[in-house]
Amino acid sequence: MSKEPVAVVGVGQTKHVAARRDVSIAGLVREAARRALDDAELGWADVDAVVIGKAPDFFEGVMMPELYLADALGAVGKPMLRVHTAGSVGGSTALVAANLVAARVHGTVLTLAFEKQSESNAMWGLSLPIPFQQPLLAGAGGFFAPHVRAYMRRSGAPDTVGSLVAYKDRRNALKNPYAHLHEHDITLEKVQASPMLWDPIRYSETCPSSDGACAMVLTDRVGAARAARPPAWMLGGAMRSEPTLFAGKDFVSPQAGKDCAADVYRQAGIADPRRDIDAVEMYAPFSWYEPMWLENLGFAAEGEGWKLTESGVTELDGDLPVNMSGGVLSTNPIGASGMIRFAEAALQVRGQAGEHQIDRARKVLGHAYGGGSQFFSMWLVGSEPPDA
Amino acid sequence: MPEVLKAPLVVEFPFTRSLGPVQSAFLTGLRERVVLAVRTSDGRTLVPPVEYDPVTAEEIRDLVEVAPTGTVTTWAWNHAPRRDQPLGTPFAWVLVRLDGADTALLHALDAPGPDAVHTGMRVRVRWAEERTGAITDIACFERYEGSPDGGDPAEPTGHTGEFDDPVTGIVARARLEYTYSPGRAQTAYINALADRRNVGERCPSCRKVYVPPRGACPTCGVATSEQVEVGPRGTVTTFCIVNIKAAHTANLDIEVPYVYAHIALDGADLALHARIGGIPYDQVRMGLRVEPVWTEGARYPDHYRPTGEPDADYDTYKELV
Ligand SMILES: [Zn+2]
């Protein structure tokens, strides 16, 4: 029996900010869930199950927060699942929800991811003082910066590429009312003059720390037929993982990322992603990850991704827009960041992205990764349902 | 086999919490010696209050005061109170349904012994002397024989949860205590480091040498045991220059900028991470040949410094980047 086609009929998110001191965690997730239901013109009773994701519990120090969030998400008396795959969790949460619909376990599923970074210890919650081990020397940026240098060496990309990405993403964010950073006076010169934190990564080439939540309503063909607005259809979705460190690990272009993309393209019948996909919303917490992931995802040959960035192809009005929402570089409530990518892909093919809507958004890829480049999750959504 | 290392590991953070409107009123109420409940649309009264109706999922904000007296619905005796529990002497954990409420609140009951506690017993709040807007503003519950009618001083005053200067956030301390053991393979590695030797393990299947060893190969999924000494010299495969001081206490005495590098020790099949010294930070490069610098009594090399050899050719280490 073939899978049930999965449609996104509701998308909701909070206005992402540095600190939402006016709401509890329950109040935060409620806001995004309510907006997704409103977008779908559905009520709590229309939802059959809830699938929720967030980053590790120790970020906010609430153990298994999903248990206390059941009331806020209308999950009482329904199945509720928690997904946990580090920074990629927003993406894998959406895929677990989608699979429940595809397998005809449930007709309509609410999926949601969140982080309240202002109440968290994201940095040291992940860097515990383990006995006998030499303490970590450099923090998250220090973990990823050497891999960026390795990419620059391999590809011969000019030093300026990272700043071009940051300048683009921050300008895109100005068109997205939900984005955290709205730097109205941003210029390329300001990005390039910002201090080097972890050389080769500059301050303006790093993501902020945000409070926020994102939710989607996923449903089957029957639900999609009743939808208030055009649905986004899932054409392919996949997850892959690999160890954080192993002999032969390619941090610049991890094998798990390539395999994950290949699986999505196979499901969706994509022969040439550069030609067949209209836009990409990818998880790039540091600007240099745009060209790196463009190669990993098959949009450019190895060592060539930066040329797409440099030539303006990835601009909002380019031939392959990347991170139309402003990306993780402009908004990063960690646990929600993957789902925001997936939701942005859905908004684009539904024609609901507002000021940052692109033309011809028929097929858009949403991408997330997490941990030490060890978890990957992606989906491709389209404006038309998959071929029967 | 030498003894496997063990050490205590305490993980402790002060977490902040934004309360939102309902918990804010509840905790501010405790500060003012008022217990607030929330009323659901079907007329039930919930203590502690919640923001969303457990049955209908609707937002609920109708705050009502309940009495500081109530009835024990069930209990368990705590023979040996632990750190940070409400009372330092043995006490009962109790669920108390306060007068006027439909649900029960979990707290501690001060009682001389388990024989003095029973389901159905009448209790009242014992307020803490110092109150800050926290659940600990209720020091505990205590036995209460007073009559609820007849001018009881504990009668609620009809408070609706409006306060001057409400508490909007709290700090919740979390503390976890573990006994940590690095396991057999890492113990051997750590013990060898005490003699300033880097000893890894080779996978019997793919022949890759892991330093530090993990006791198993993450790609092949097989146990490793063949010990291989690597280094002490190695090659910088990639690096970054750290310009910001990390908040981590272990790093406080390291001056910025410094170079944080991935170093492939000679004979190892993946890089380890270390600081580079003995060379200006802006002269460090990929391919630089380095060796460890030890300080007396240290468990690990303090940093690595250039050996003076010619740089390694990119092709010799590119698989390790
Ligand atoms: Zn192996």
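Residue numbering restarts at 1 for every chain, and letters A, B, ... go by the order of the sequence lines. Here the structure is a predicted model, which is why all the values come from computation and not from measurement.
The candidate with the highest count of non-hydrogen atom pairs below 4.5 Å against chain A, out of B:Leu5, B:Thr187, B:Val321, is B:Leu5. Ranked by heavy-atom pairs shorter than 4.5 Å toward chain B, the options A:Ala45, A:Gly43, A:Ala26, A:Ala247 are led by A:Ala247. Residue with the most contacts toward chain B among A:Ala72, A:Ala19, A:Gly74, A:Gly77: A:Ala72 (heavy-atom pairs, distance under 4.5 Å). For chain A, the option among B:Arg17, B:Glu319, B:Glu58 with the highest count of heavy-atom pairs below 4.5 Å is B:Arg17.
Of the two parts of A:Arg154, the backbone and the side chain both hold a non-hydrogen atom closer than 4.5 Å to a non-hydrogen atom of chain B. Neither the backbone nor the side chain of B:Gln23 comes within less than 4.5 Å of any heavy atom in chain A. There is no contact between B:Tyr178 and chain A, counting heavy-atom distances below 4.5 Å. There is no contact between B:Leu193 and chain A, counting heavy-atom distances below 4.5 Å. Of the atoms belonging to A:Glu242, not a single heavy atom falls under 4.5 Å from chain B. At a 4.5 Å heavy-atom cutoff, the contact between A:Lys249 and chain B is made by backbone atoms alone. Looking at A:Leu245, both its backbone and its side chain come within 4.5 Å of chain B, counting heavy atoms on both sides. Only the backbone of B:Leu19 comes within contact range of chain A, with heavy atoms under 4.5 Å apart. Looking at B:Pro8, the atoms closer than 4.5 Å to chain A (heavy atoms on both sides) all sit in the backbone: N, CA, C or O. Neither the backbone nor the side chain of A:Val252 has a heavy atom closer than 4.5 Å to any heavy atom of chain B.
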Checking B:Phe15 against A:Phe58 for the ring pair (Phe, Tyr, Trp, His ring centres under 6.0 Å) test, could you report, in this order, the C-alpha distance in whole Å, the side-chain angles of both residues, the deciding distance, and whether it holds? CA-CA 9 Å; B:Phe15 288 101; A:Phe58 229 76; 5.6 Å; yes
Given B:Thr56 and A:Trp44, is the side-chain contact (heavy atoms from CB on, under 4.5 Å) satisfied, shown in steps? CA-CA 8 Å; B:Thr56 65; A:Trp44 300 107; over 6 Å; no
Would B:Ile190 and A:Gln133 count as a side-chain contact (heavy atoms from CB on, under 4.5 Å) if you check the C-alpha gap in whole Å, the side-chain angles of each, and the deciding distance to 0.1 Å? CA-CA 9 Å; B:Ile190 290 161; A:Gln133 287 188 10; over 6 Å; no
B:Leu270 vs A:Phe246, test: side-chain contact (heavy atoms from CB on, under 4.5 Å). Steps then yes/no. CA-CA 7 Å; B:Leu270 75 173; A:Phe246 62 92; 5.5 Å; no
Test side-chain contact (heavy atoms from CB on, under 4.5 Å) on A:Asp71 and B:Asp53 and set out the steps. CA-CA 6 Å; A:Asp71 298 0; B:Asp53 190 311; over 6 Å; no
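The backbone N or O of B:Thr238 sits nowhere less than 3.5 Å from a side-chain atom of A:Arg149 that would complete a donor-acceptor pair. Distance alone, capped at 3.5 Å, places no donor-acceptor pair between the B:Tyr314 side chain and the A:Arg153 backbone. Using modelled atom types, one side-chain atom of B:Asn243 and one backbone atom of A:Met196 make a donor-acceptor pair closer than 3.5 Å. Between the side chain of A:Glu119 and the main chain of B:Ser18, a donor-acceptor pair closer than 3.5 Å is present. At distances below 3.5 Å, not a single donor-acceptor pair connects side-chain atoms of A:Arg30 with backbone N or O atoms of B:Glu51.
The OH atom of B:Tyr52 sits 10.0 Å away from atom CG of A:Leu69, with the distance rounded to the nearest 0.5 Å. A distance of 10.5 Å separates SG in B:Cys240 from CG in A:Leu197, rounded to the nearest 0.5 Å.
Remark: A:Arg21 CZ is loosely packed, at most 12 non-hydrogen atoms of other residues, nucleotides or ligands lying under 6.0 Å away. Counting non-hydrogen atoms of other residues, nucleotides and ligands closer than 6.0 Å to CD of B:Glu226 gives a total above 12. Heavy atoms of other residues, nucleotides or ligands lying less than 6.0 angstrom from NZ of A:Lys15 number more than 12. Surrounding CG of B:Asp42 are more than 12 heavy atoms belonging to other residues, nucleotides or ligands, all under 6.0 Å away.
Of all heavy-atom pairs spanning A:Asp22 and B:Pro21, the tightest one is O-CD, 4.3 Å.
For the pair B:Val55 and A:Val76, the minimum side-chain heavy-atom distance is 4.5 Å or more.
Remark: aromatic rings of B:Phe13 and A:Phe59 are distant, center separation not under 6.0 Å.
Because its NZ or CZ atom is not both nearer than 6.0 Å to the ring centre of A:Phe132 and within 45° of the ring axis, B:Arg299 does not count as a cation-pi partner of that residue.
Taking the six-membered ring where tryptophan is involved, the planes of B:His262 and A:His147 are perpendicular, since the angle between them exceeds 60° and thus also 30°.
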